[in-house]
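By convention here, the first residue in the shown sequence is residue 1.
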Amino acid sequence: QVQFVESGGGLVQAGGSLRLSCAASGSIFSTNAIGWYRQAPGKQRELVAAIEGSGSTRYADSVKGRFTISRDNTKNTVYLQMNALKPEDTAVYYCKYIWATSWGQGTKVTVSS
């Protein structure tokens, strides 16, 4: 069973930065697409960014130019660098393989105005 452990969340002022990490178990990491998702209070979970096994990336319009997803296959880890944070980025952030149906605990990001 693949497990993801998210970390790096916290409280930050608007305009600040955070880097989230997502560590995965298992041997299929390097060939699979992974997504970072978020769920804000009272809202549906949404895909924020995704990275393919090839390294190609895509982003939600709301975070383009501010967030960067990357992966280190030697460490089975995916990162989400978040810059110029806004209060509307406040959410619990999760990562998983794009095709997976189960979710981890997530890491909470709070952006104060």
Looking at every non-hydrogen atom in both residues, tell me the closest pair between [X] and [Y] and how far apart they are.
X: Met82; Y: Tyr93; value: SD-CE2, 3.9 Å
X: Ser113; Y: Pro87; value: CB-CG, 3.8 Å
X: Ala60; Y: Leu47; value: CB-O, 3.6 Å

Could you measure the distance from the [atom1] atom of [X] to the [atom2] atom of [Y]? Nearest 0.5 Å is fine.
X: Cys22; Y: Glu6; atom1: SG; atom2: CD; answer: 5.5 Å
X: Lys43; Y: Glu88; atom1: NZ; atom2: CD; answer: 8.0 Å
X: Arg71; Y: Thr77; atom1: CZ; atom2: OG1; answer: 10.5 Å
X: Tyr59; Y: Thr68; atom1: OH; atom2: OG1; answer: 4.5 Å
X: Ser112; Y: Gln13; atom1: OG; atom2: CD; answer: 5.0 Å
X: Gln81; Y: Ile69; atom1: CD; atom2: CD1; answer: 12.0 Å

Is the number of heavy atoms from other residues, nucleotides or ligands under 6.0 Å of Gln105 CD greater than 12?
-> no
Check against side chain to side chain donor-acceptor pair (under 3.5 Å), Arg45 and Tyr37 | CA-CA 7 Å; Arg45 200 169 298 184; Tyr37 302 76; over 6 Å; no
Please confirm whether the backbone N or O of Ser7 pairs with a side-chain atom of Ser21, one donor and one acceptor, at under 3.5 Å?
-> no
Output yes when a side-chain donor or acceptor of Thr90 lies under 3.5 Å from a complementary backbone atom of Thr110, and no otherwise.
-> no
State whether Asp61 and Lys64 are salt-bridged, where the test is any N-O pair (Lys NZ or Arg NE/NH1/NH2 against Asp/Glu carboxylate O) under 4.0 Å.
-> yes
Test side chain to side chain contact (heavy atoms under 4.5 Å, CB included) applied to Arg58 and Glu52, step by step = CA-CA 9 Å; Arg58 61 183 189 270; Glu52 301 290 335; 3.0 Å; yes
Side chains of [X] and [Y], heavy atoms from C-beta outward: is any pair under 4.5 Å?
X: Leu18; Y: Leu80; value: no
X: Ile98; Y: Asn32; value: no
X: Asp89; Y: Arg66; value: yes

In terms of hydrophobic clusters joined by side-chain contacts under 4.5 Å, are Val92 and Ile34 together?
-> no
Taking a hydrophobic cluster as the set of Ile, Leu, Val, Met, Phe, Trp and Tyr residues connected by side-chain heavy atoms closer than 4.5 Å, whether directly or through intermediates, do Phe29 and Trp99 fall within one such cluster?
-> yes
Give the intermediate values and the outcome of side chain to side chain contact (heavy atoms under 4.5 Å, CB included) for residues Glu46 and Arg38.
-> CA-CA 6 Å; Glu46 62 174 347; Arg38 68 185 180 187; 2.7 Å; yes
Where does the angle between the aromatic ring planes of Tyr94 and Trp103 fall among parallel (under 30°), tilted (30 to 60°) and perpendicular (over 60°)?
-> perpendicular
Start with the C-alpha gap between Phe4 and Asn76, add the side-chain angles, then the distance that decides, and say whether side chain to side chain contact (heavy atoms under 4.5 Å, CB included) holds.
-> CA-CA 10 Å; Phe4 287 92; Asn76 276 18; over 6 Å; no
No-hydrogen, no-angle side-chain donor-acceptor test under 3.5 Å, Arg19 and Tyr79 | no
Check the side chains of Ser17 and Asn83 for a donor-acceptor pair under 3.5 angstrom, ignoring hydrogens and angles.
-> yes
